[in-house]
Amino acid sequence: MILAITNSKGGVGKTTTAINLATSLASRGRHTLLVDLDPQAHATRCVLEGEPERNISDFIMERPSQAFRAIFESTVPNLDVVPSGPNLTETAELLSTRIRREERLSRALEGVSDEYQHVILDCPPVLGILAYNALIAADQLIIPVQPGVGAVIGIDALLDATRELRDDVDVAYRILITMFDIRTTRTNAMVEELLEENRKRLLKTIISKSETLNQANLASQPIQMYAPSSRGRYEYDALCDEIFRLRPR
Ligand SMILES: Nc1ncnc2c1ncn2[C@@H]1O[C@H](COP(=O)(O)OP(=O)(O)O)[C@@H](O)[C@H]1O
Ligand SMILES: [Mg+2]
């Protein structure tokens, strides 16, 4: 199953979720591929040492039969990665001149995704051509949302774009609450607001606000390695188990 971790907002926990969910899946013995579509390349730095000679730009710009050459073994057993790279913004511009420009990622993945039980796409924070590629390639969207004012703004635009791109009214998506702080009352009111419209779509697992998760990011490590007995690790493992039980729709 191809999961796009996506939201048109930045700073909501997309990359943190992509990296830690991918690591959880891999540590549960699932052969997993992490595709880094974020120009900031943070997910890549967490699981790959050094500067790879190929990256996501090659993955989507070359012929699909050559896509496998941009896949690397990560430092996590069972986890492979298509790294992001410094030329990704340029690639997005180049892409806009190509035929079927929104389908390039999906075609590249077609040739390789059979090898993997899970493919995780870490999406960029803008709803542009790279995100469109992910929205078309994904079987399911995971939308991280940070509780607070305006948290749900943008979700409708994201879903509308997906429906239009895929000519599909029934997009499979789930909402993941991240950086949840039990002490904030405003936060909890917002969660209730979310529950109203998206009750069926909310994942049961909630990711708490955690300084340890933040520190793991600063150390460029998955939480499973940085703090294996932390709450953040436990919560991302729980998310992983919930993902196992997801049906395609
Ligand atoms: N559960 C969490 N608790 C505390 N800080 C978090 C948590 N998840 C993410 N962060 C921090 O929030 C910031 C944004 O997270 P990130 O995953 O990069 O978001 P995005 O990819 O959506 O831009 C980072 O500094 C990250 O370390
Ligand atoms: Mg990110």
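These numbers come from the heavy atoms of this one structure, side chains and all, not from hydrogens, waters or symmetry mates. Start at 1 and go down the list; that is how both ligands and their atoms are numbered.
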Distance only, no hydrogens: is a donor on one side chain within 3.5 Å (strictly under) of an acceptor on the other, for Asn198 and Tyr173?
-> yes
Report the residues that fulfil salt bridge (charged side-chain N to carboxylate O under 4.0 Å, His left out) with Asp237, sequence neighbours left out, ordered by chain and then residue number.
-> Arg28, Arg233
Just jot down the ring pair (Phe, Tyr, Trp, His ring centres under 6.0 Å) partners of Tyr116, sequence neighbours excluded, or say none.
-> His31
Asn55-Asn87 side chain donor-acceptor pair, cut-off 3.5 Å | yes
Any protein N or O within less than 3.5 Å of an N or O in ligand 1? List each pair with its distance, or say none.
residue  : atom   : partner : partner atom : Å
ligand 1 : 1 (N)  : Ser208  : O            : 2.9
ligand 1 : 3 (N)  : Ser210  : N            : 2.8
ligand 1 : 3 (N)  : Ser210  : O            : 3.3
ligand 1 : 17 (O) : Thr15   : N            : 3.4
ligand 1 : 17 (O) : Thr16   : N            : 2.9
ligand 1 : 17 (O) : Thr16   : OG1          : 2.5
ligand 1 : 19 (O) : Gly13   : N            : 3.0
ligand 1 : 21 (O) : Thr15   : N            : 2.9
ligand 1 : 21 (O) : Thr15   : OG1          : 2.9
ligand 1 : 22 (O) : Gly11   : N            : 3.4
ligand 1 : 22 (O) : Val12   : N            : 3.1
ligand 1 : 22 (O) : Gly13   : N            : 3.2
ligand 1 : 22 (O) : Lys14   : N            : 3.0
ligand 1 : 22 (O) : Lys14   : NZ           : 2.9
ligand 1 : 23 (O) : Gly11   : N            : 2.7
ligand 1 : 25 (O) : Asn214  : OD1          : 3.4
ligand 1 : 27 (O) : Asn214  : OD1          : 2.5
ligand 1 : 27 (O) : Asn217  : ND2          : 2.8

Between Val82 and Ile5, is there a shared hydrophobic cluster once you connect ILVMFWY residues whose side-chain heavy atoms come closer than 4.5 Å?
-> no
Near the Mg ion (ligand 2), which protein N/O/S atoms fall under 2.8 Å?
-> Thr15 OG1, Asp38 OD2
Ignoring hydrogens and angles, state whether a donor on the side chain of Gln66 or Arg69 is under 3.5 Å from an acceptor on the partner side chain.
-> yes
Around atom CD of Glu211, are there more than 12 heavy atoms of other residues, nucleotides or ligands at under 6.0 Å?
-> yes
Does any donor atom in the side chain of Glu49 or Thr75 lie under 3.5 Å from an acceptor atom in the other side chain?
-> no
Phe59 ring centre to Arg54 NZ or CZ under 6.0 Å, with the angle to the axis within 45°?
-> no
